[in-house]
Protein chains: 2
Amino acid sequence: MPTPPTGMPLVPTPRAPQRKERADAARNRQRVLLAAEELFARRSVESVTMDDIAAAAGVGKGTLYRRFTDKGGLAAELLSERGAELQRAILEGPAPLGPGPAAGADSGAGTSAGTGAGTAADPAARLEAFCAAYLAFQERHLDLVLLSETSSPGGRLRKRSYEFWRQHTEVLLRAAHVPDARVRAEVLLAALSAEQVRHWTRNEGRTLDDLTVALTGVVRSLIGSPAA
Amino acid sequence: MPTPPTGMPLVPTPRAPQRKERADAARNRQRVLLAAEELFARRSVESVTMDDIAAAAGVGKGTLYRRFTDKGGLAAELLSERGAELQRAILEGPAPLGPGPAAGADSGAGTSAGTGAGTAADPAARLEAFCAAYLAFQERHLDLVLLSETSSPGGRLRKRSYEFWRQHTEVLLRAAHVPDARVRAEVLLAALSAEQVRHWTRNEGRTLDDLTVALTGVVRSLIGSPAA
DNA sequence: ATGCTTAGCGGACTGTGGTCCGTTTAGATT
DNA sequence: AATCTAAACGGACCACAGTCCGCTAAGCAT
């Protein structure tokens with residue numbers, strides 16, 4: 001498969017074959033994505049309308065909606081570009097985020113826990129790292145994520161990316177022998193939803209660091225290994 | 001204070017004085033609430049428009065919006081009527097939900113844990129009971145709650161009732177000597193959001209019982225008292 | 001090159017939530 | 001009872017997300 005269209009998630013996309021996109025269509029998708037990015041960068045995300053984007057991209061509204069399900073879908077596509085790196089780091093990067101052995105001398109991102117010095121990272125440490133990284137990601141792209149998660153009720157849970165994050169979290173929990181791994185994974189992600197993160201940072205005035213610490217605590221509790 | 005207007009939350013409403021409502025206004029509020037309830041009962045919640053409600057209540061749209069902030073606000077008002085009983089049970093009912101001593105012989109709603117036989121319920125047991133009861137409430141009024149929580153982004157966290165549930169949860173957690181009580185309370189409530197509950201019951205096909213068990217486990221983990 | 005099929009296009013159109021503002025009237029004051 | 005004033009009213013109005021459908025042209029087949 002040659003150069004998947006930008007924004008394709010890394011995750012093994014199930015809908016593999018599916019007749020190739022026509023040339024003009026691809027060109028327009030690109031235009032739209034570009035225009036949207038530009039507009040979102042210049043003006044506040046919620047003030048940008050779909051008409052604005054269509055106009056800026058020099059494209060009809062019908063075209064917009066043929067390409068992206070809805071406003072949230074467009075935001076999600078943009079986000080998927082930006083989240084690709086994080087996804088890669090998780091799937092194949094060094095510990096503690098990824099499965100590989102720790103990079104260089106001493107990782108700076110992790111949050112202690114140090115499981116001695118195994119070859120592969122232990123699930124608890126990976127989960128903590130993921131939690132911190134994901135939180136940072138959400139906070140960094142807050143407006144866009146909020147749009148993508150709330151444009152339609154239940155949107156957050158229907159996005160393809162949700163499947164990825166949930167799967168990852170669930171697997172780690174299961175590896176840590178935690179019961180009800182699936183439910184607990186979803187509890188964790190609910191806590192990290194854009195709505196919630198915005199509430200914490202914008203309304204309750206918490207800093208990212210505060211939150212990271214508190215949520216790391218939550219993760220430890222959920223895993224429940226009492227001082228292993 | 002004589003007969004507070006229906007739907008007023010039990011919680012000590014801070015906006016105490018505030019010039020009394022005019023007679024016609026009160027009458028119209030009632031009409032709207034009634035009409036809305038009727039419509040929501042007959043047709044699917046999401047198919048009912050604000051115009052429908054206004055028409056059914058024999059009232060202009062302006063009136064509708066003068067009384068209730070927005071669609072979500074209207075739903076919340078309806079819900080607050082229905083939630084009043086639960087609120088009362090929590091504030092002044094018997095254990096394990098309320099602070100009082102257990103009612104009758106053996107409560108049927110609680111979820112084990114049995115802390116011997118103290119005079120007042122212990123926070124852990126109360127929290128578990130609350131969680132189960134709240135979950136059941138959410139499930140029971142799912143469509144309406146969903147409307148009230150998602151009609152505007154972040155709506156869930158801005159409702160007055162949220163303040164109540166959060167406060168209650170937080171207090172119990174603090175009483176159980178759990179760190180970061182506030183954050184953990186919000187994590188719990190995020191897990192119990194309408195969106196999430198709908199996802200669990202409608203998409204993943206979980207039963208209320210399944211969920212209650214799994215979430216009770218989450219609560220125990222969060223409290224962290226390792227088999228006290 | 002020419003023709004044909006069908007994905008792609010675009011913008012008028014619809015449905016709905018929410019606002020605005022000129023008019024009405026409850027109820028207090030005299 | 002007459003007057004007055006601000007709360008309440010109502011429906012025309014607006015903005016915006018999302019749909020529809022007749023037209024266009026990409027790119028395959030001959």
Side-chain angles (χ1 to χ4, degrees), chain A residues 5 15 17-33 35-36 39-40 43-77 144 146-155 158, chain B residues 5 15 17-33 35-36 39-40 43-77 144 146-155 158:
Chain A
R15 44 134 159 130
Q18 192 189 201
R19 200 191 248 57
K20 200 185 67 184
E21 196 171 44
R22 230 168 68 175
D24 52 345
R27 181 171 43 81
N28 277 338
R29 141 174 281 127
Q30 220 42 27
R31 273 199 205 168
V32 167
L33 252 12
L39 282 176
F40 285 145
R43 314 202 263 121
S44 87
V45 166
E46 76 263 72
S47 79
V48 176
T49 75
M50 286 303 254
D51 294 80
D52 288 343
I53 297 175
V59 146
K61 248 174 98 178
T63 307
L64 213 55
Y65 279 99
R66 157 172 294 268
R67 209 67 58 237
F68 310 95
T69 2
D70 59 4
K71 210 180 175 184
L74 175 51
E77 207 73 21
L144 216 45
L146 189 71
L147 177 57
S148 101
E149 291 187 357
T150 62
S151 82
S152 75
R158 246 174 293 126
Chain B
R15 43 134 157 131
Q18 192 192 203
R19 200 191 249 63
K20 199 185 66 181
E21 196 172 44
R22 231 169 66 175
D24 52 346
R27 181 172 43 82
N28 278 337
R29 139 175 282 126
Q30 219 44 25
R31 272 199 205 168
V32 167
L33 251 13
L39 283 176
F40 285 145
R43 316 201 263 118
S44 87
V45 167
E46 76 263 71
S47 79
V48 176
T49 75
M50 286 303 254
D51 294 81
D52 288 342
I53 297 175
V59 148
K61 249 175 81 171
T63 306
L64 213 55
Y65 280 99
R66 156 173 295 267
R67 209 62 65 233
F68 310 95
T69 3
D70 59 5
K71 209 180 176 182
L74 175 50
E77 207 72 21
L144 215 46
L146 188 71
L147 177 58
S148 102
E149 291 186 358
T150 63
S151 81
S152 76
R158 246 173 295 126

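Order of the sequence lines sets the chain letters (A, B, ...), proteins ahead of strands, with each chain counted from 1. Below, all heavy atoms of this structure are taken into account, side chains as well, without hydrogens, waters or symmetry copies.
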d(CG, B/L64; P, C/dT16) in whole Å: 15 Å
May I ask you to list the residues of residues 46-56 of chain B, by number, that have any heavy atom positioned under 4.0 Å from an atom of DNA chain C? B/T49, B/M50
Name the residue closer to the 5' end of DNA chain C, choosing between B/K71 and A/T63 according to the nucleotide with the nearest heavy atom. A/T63
Output all residues satisfying salt bridge (charged side-chain N to carboxylate O under 4.0 Å, His left out) with A/K61, sequence neighbours left out; order by chain, then residue number. A/D51
Locate the shortest heavy-atom distance separating [X] from [Y]; write the atom from each residue and the value.
X: B/D70; Y: B/S151; answer: OD2-OG, 3.9 Å
X: A/L64; Y: A/V59; answer: N-CG1, 4.2 Å
X: B/L147; Y: B/A75; answer: CD2-CB, 3.9 Å

Counterpart residues, side chain to side chain donor-acceptor pair (under 3.5 Å), relative to A/S152 (two or more places apart): none
Are OP1 or OP2 of C/dG8 and a side-chain N or O of A/N28 less than 4.0 angstrom apart? no
Is any side-chain nitrogen or oxygen of B/R67 closer than 4.0 Å to OP1 or OP2 of D/dC9? yes
If the sugar-phosphate is the primed atoms plus P, OP1 and OP2 and the base is the rest, what is the B/S/- string for nucleotides 19-30 of chain D, using protein heavy atoms under 4.0 Å? BB-----SS---
B/R22: what forms a side chain to side chain contact (heavy atoms under 4.5 Å, CB included) with it, not counting sequence neighbours? B/D24, B/A25
With A/D52 via side chain to side chain contact (heavy atoms under 4.5 Å, CB included) - residues at least two apart: A/L39, A/R43, A/V48, A/T49
Quick one, B/R29 with B/E21, criterion salt bridge (charged side-chain N to carboxylate O under 4.0 Å, His left out). Give me CA distance, side-chain angles, the key distance, then yes/no. CA-CA 10 Å; B/R29 139 175 282 126; B/E21 196 172 44; 2.4 Å; yes
